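From a predicted model like this one, the values you see are computed outputs, not experimental measurements. In what follows, every chain begins at residue 1, and chains take the letters A, B, ... in the order their sequences are listed.
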Amino acid sequence: MEGLTFLVVEDSPTMRQLISFSLKRFKGCRIVEAVDGVDALKKLSSEKINMILTDINMPVMDGLKLVSLVRQNPDLKAIPIIIITTEGADEDRQRGLALGANAYIAKPIQSSHLIKTINDLVPGAGQ
Amino acid sequence: MPDKDDSSEQLLKKGEEFLKLYNMGRQFTEELLKENERLRFQLARAEGQGGAEHTGNLTKEIARLRERIQELEAEGRQIMEKYQQVEAENKDFASRYVEVEEQNNNLANLYVASYQLHSTLDFQEVLQIVIEIVINLVGSEAFAILLLDEKTNELRTLGHEGADVFPGIEALTAKVGEGIVGGVVKTGESYFVNQAPDEARVDLEHPLAVVPLKIKEHCIGVIAIFSLLKQKSSFSAVDYELFNLLAGQAATAIFASKLYSQSERKLSTIQSFLDLLTTSG
């Protein structure tokens with residue numbers, strides 16, 4: 001399988017770096033970063049993205065709105081989405097998944113958990 | 001009477017012939033019986049000899065098979081022992097793999113935290129990075145960063161998160177040596193509640209954890225943690241590592257950024273003074 005292109009949507013540079021650090025275990029992958037939902041939509045229109053990893057609480061446009069817009073767009077709706085957030089309550093998880101996210105990870109993240117979730121969503125993603 | 005003599009003679013002759021034939025038949029029958037007896041004897045002997053040999057062969061074969069079974073059972077036991085040994089090694093490797101994964105994760109967290117803390121000299125940015133680390137890497141919901149004012153010897157909040165769930169943390173103050181927070185600054189030792197976070201008594205005077213921000217032995221402030229995210233029930237091993245890192249790296253980053261902003265201000269003042277001298281001259 002050709003290397004995946006991940007879109008990491010996070011307003012925190014620390015978290016962006018930490019997530020990117022974990023993703024680099026996928027051979028040949030490419031990482032595109034966005035600081036909020038609007039920035040993410042711009043990147044989605046100009047890049048071929050295989051998977052989106054997004055925070056919820058962000059300025060300008062939050063992660064839930066982004067998930068909703070991606071799922072309504074016929075060109076983007078098939079892209080797997082993982083929500084990574086501090087909002088760990090069950091109702092938040094249910095809301096995220098109901099909007100169309102494929103997986104929901106509560107912070108603080110464990111690198112191994114993130115890798116396993118990606119492998120489950122994209123079998124053969126490779127490491 | 002020749003006819004009478006002839007017939008007697010013929011009759012005698014026939015009798016003799018019959019007797020001769022009878023004797024021959026008897027002799028033949030006796031020979032047959034003897035031969036039969038001899039053959040039966042030989043058959044019985046042959047059967048006796050063949051059975052014993054066959055039984056002997058069978059016994060040998062059984063003994064050989066038993067020996068083989070024992071050998072195979074011994075091999076089986078050895079294979080089982082080897083299998084159990086390999087299984088134990090596998091479990092050991094799996095357990096080590098999990099440990100290495102955790103270590104890898106911890107190192108990544110520490111690397112990213114350290115990298116980000118020293119990525120800027122702007123005081124507010126450094127404070128923001130410390131806040132991000134405590135939220136995202138430690139998993140704290142409400143906490144305050146208090147810095148020491150050397151002139152008044154008092155700590156006060158300069159950064160915080162979660163004032164909505166823990167009102168009052170945005171304006172905390174503490175004297176050095178007073179209370180838990182002041183005590184940590186004085187001793188330079190981290191403080192953690194002994195109980196599980198959800199069972200501990202937590203208020204503004206009694207945080208869950210207090211981590212000193214130290215440059216060598218000089219304490220410049222603390223991070224006081226009041227609550228953890230819902231999904232995090234307690235502190236983990238890596239949190240203590242992160243706290244140790246924060247104690248040193250965050251203190252250095254905060255101190256360096258403060259010095260830098262002071263020197264920037266001084267430089268600006270000196271530059272303005274020089275400009276004034278140049279213009280007036």
Can you check whether chain B and chain A share any donor-acceptor pairs under 3.5 Å, and give the atom names and distances if they do?
from	atom 1	to	atom 2	distance (Å)
A/S12	OG	B/E132	OE1	2.7
A/T14	N	B/E132	OE1	3.4
A/T14	OG1	B/E132	OE1	2.7
A/Q17	OE1	B/Q116	NE2	2.8
A/R25	NH1	B/E101	OE1	3.4
A/R25	NH1	B/E101	OE2	3.3
A/R25	NH2	B/E101	OE2	2.7
A/T86	O	B/Q231	NE2	3.0
A/G88	N	B/Q231	OE1	3.4
A/K107	O	B/Q231	NE2	2.7
A/K107	NZ	B/N136	OD1	2.9
A/Q110	OE1	B/N105	ND2	3.2
A/S111	N	B/N105	OD1	2.7

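Considering CE of A/M15 and CG of B/L137, their distance stands at 7.0 Å, rounded to 0.5 Å.
Heavy atoms closer than 4.5 Å to chain A are found nowhere in B/V98, neither backbone nor side chain. Within the 4.5 angstrom heavy-atom criterion, only backbone atoms of A/I109 (N, CA, C, O) approach chain B.
Judged as a side-chain hydrogen bond (donor to acceptor under 3.5 Å, both in side chains), and not counting sequence neighbours, the contacts of A/N102 are A/R71.
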